[in-house]
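Here the structure is laid out as structure tokens; the discussion comes afterwards.
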Amino acid sequence: MPQPPLSPQERRLATFCRLFAAICLLGALGAAVGLLLHELSPWNGLLGAALLASLATSCLVAAGRPRERRHALLPVVAAIFTISLLGAFQQGQRTLLAGSVPLLLISLFIYRSAAPGVHSEPAREGPPAAEPEPADRKIQLGIKSN
């Protein structure tokens, strides 16, 4: 049975994820170039490139099937929240805060609006319980001879 077409909210989520993935990949490329040109310390360059590449991957996973995989956007939301939180407590980082808070709000809005009324199910503890056999059911065992 074919899947129904994506809703406008799901298409918006996919578009946002593709755009943000492109931005993250450009940032990862910039961090790698900065590392190669010795403009960044090895730790900052490697960590920055790796983190941005992983965020881009999360976005691309969510963009591929936004209906089923919208939760792959959660690492992106967590990263933007962390940037916003750290920017709030750093002196002289008001520009970072002014850019990251609107991005956080937009990403949360797009994430939530992609599946209105959908709530995640809690993880199951194990397989579902088997239904008990009826007591009146008898099994006849025997040996058939030829």
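Legend: residues meeting side chain to side chain contact (heavy atoms under 4.5 Å, CB included) with Leu108, ordered by chain and number and at least two apart, are Val77, Leu104. Residues forming a side chain to side chain contact (heavy atoms under 4.5 Å, CB included) with Ala56 (at least two apart in sequence, or on another chain): Ala21, Cys24, Leu25. Ser107 meets the side-chain hydrogen bond (donor to acceptor under 3.5 Å, both in side chains) test with no other residue; sequence neighbours excluded. Residues satisfying the side-chain hydrogen bond (donor to acceptor under 3.5 Å, both in side chains) test with Glu68, not counting sequence neighbours, are Arg65. With sequence neighbours excluded, the residues forming a side-chain hydrogen bond (donor to acceptor under 3.5 Å, both in side chains) with Ser41 are Asn44, listed by chain and number. Residues that satisfy the side chain to side chain contact (heavy atoms under 4.5 Å, CB included) test with Leu36, not counting sequence neighbours, are absent from this structure. Remark: Arg11 engages no residue in a side-chain hydrogen bond (donor to acceptor under 3.5 Å, both in side chains) (not counting sequence neighbours). Applying the side chain to side chain contact (heavy atoms under 4.5 Å, CB included) rule to Thr15 yields no partners; only residues at least two apart in sequence or on another chain are considered.
Side-chain contact check for Ser113 versus Arg12: some heavy-atom pair is nearer than 4.5 Å. Looking at Leu55 and Cys59, their side chains never come closer than 4.5 Å, going by heavy atoms from C-beta outward. In this structure, the side chains of Phe109 and Leu105 stay at 4.5 Å or more apart for every pair of heavy atoms. Under the 4.5 Å side-chain criterion, counting only non-hydrogen atoms from C-beta, Leu73 is not in contact with Ser58.
What you find for Ala31 and Ala49 is that their closest heavy atoms are CB-N, 3.7 Å. In this structure, Arg67 and Pro5 approach most closely via the heavy-atom pair NH2-O, 3.0 Å. Closest approach of Arg69 and Val61 over heavy atoms only: CD-O, 3.5 Å. Minimum heavy-atom separation, Ala114 to Gln9: CA-CB, 3.8 Å. Heavy atoms only, all atoms of each residue included: Ala63 and Pro66 are closest at O-CD, 3.5 Å.
Hydrophobic clustering (ILVMFWY, side-chain heavy atoms < 4.5 Å, transitive): Ile106 and Leu13 are in one cluster. Clustering ILVMFWY residues whenever any of their side-chain heavy atoms sit less than 4.5 angstrom apart, transitively, puts Leu6 in a cluster other than the one holding Ile110. Put simply, Leu74 and Val76 are part of the same group of oily side chains (I, L, V, M, F, W, Y) that touch within less than 4.5 Å, one to the next. Placement of Leu85 and Ile80 within a single hydrophobic cluster is found when ILVMFWY residues are connected by side-chain heavy-atom separations under 4.5 Å, directly or transitively.
For residues 97-111, there are no salt bridge (Lys or Arg N to Asp or Glu O under 4.0 Å) pairs, not counting sequence neighbours. Within the structure, ring-ring contact (aromatic ring centres under 6.0 Å, His included) pairs that include any residue of residues 11-49 comprise Phe16-Phe20 (at least two apart or interchain). Screening residues 47-68 for ring-ring contact (aromatic ring centres under 6.0 Å, His included), with sequence neighbours left out, gives no hits.
With side-chain heavy atoms closer than 4.5 Å counting as contact, directly or through intermediates, Leu86 stands alone and belongs to no larger hydrophobic cluster.
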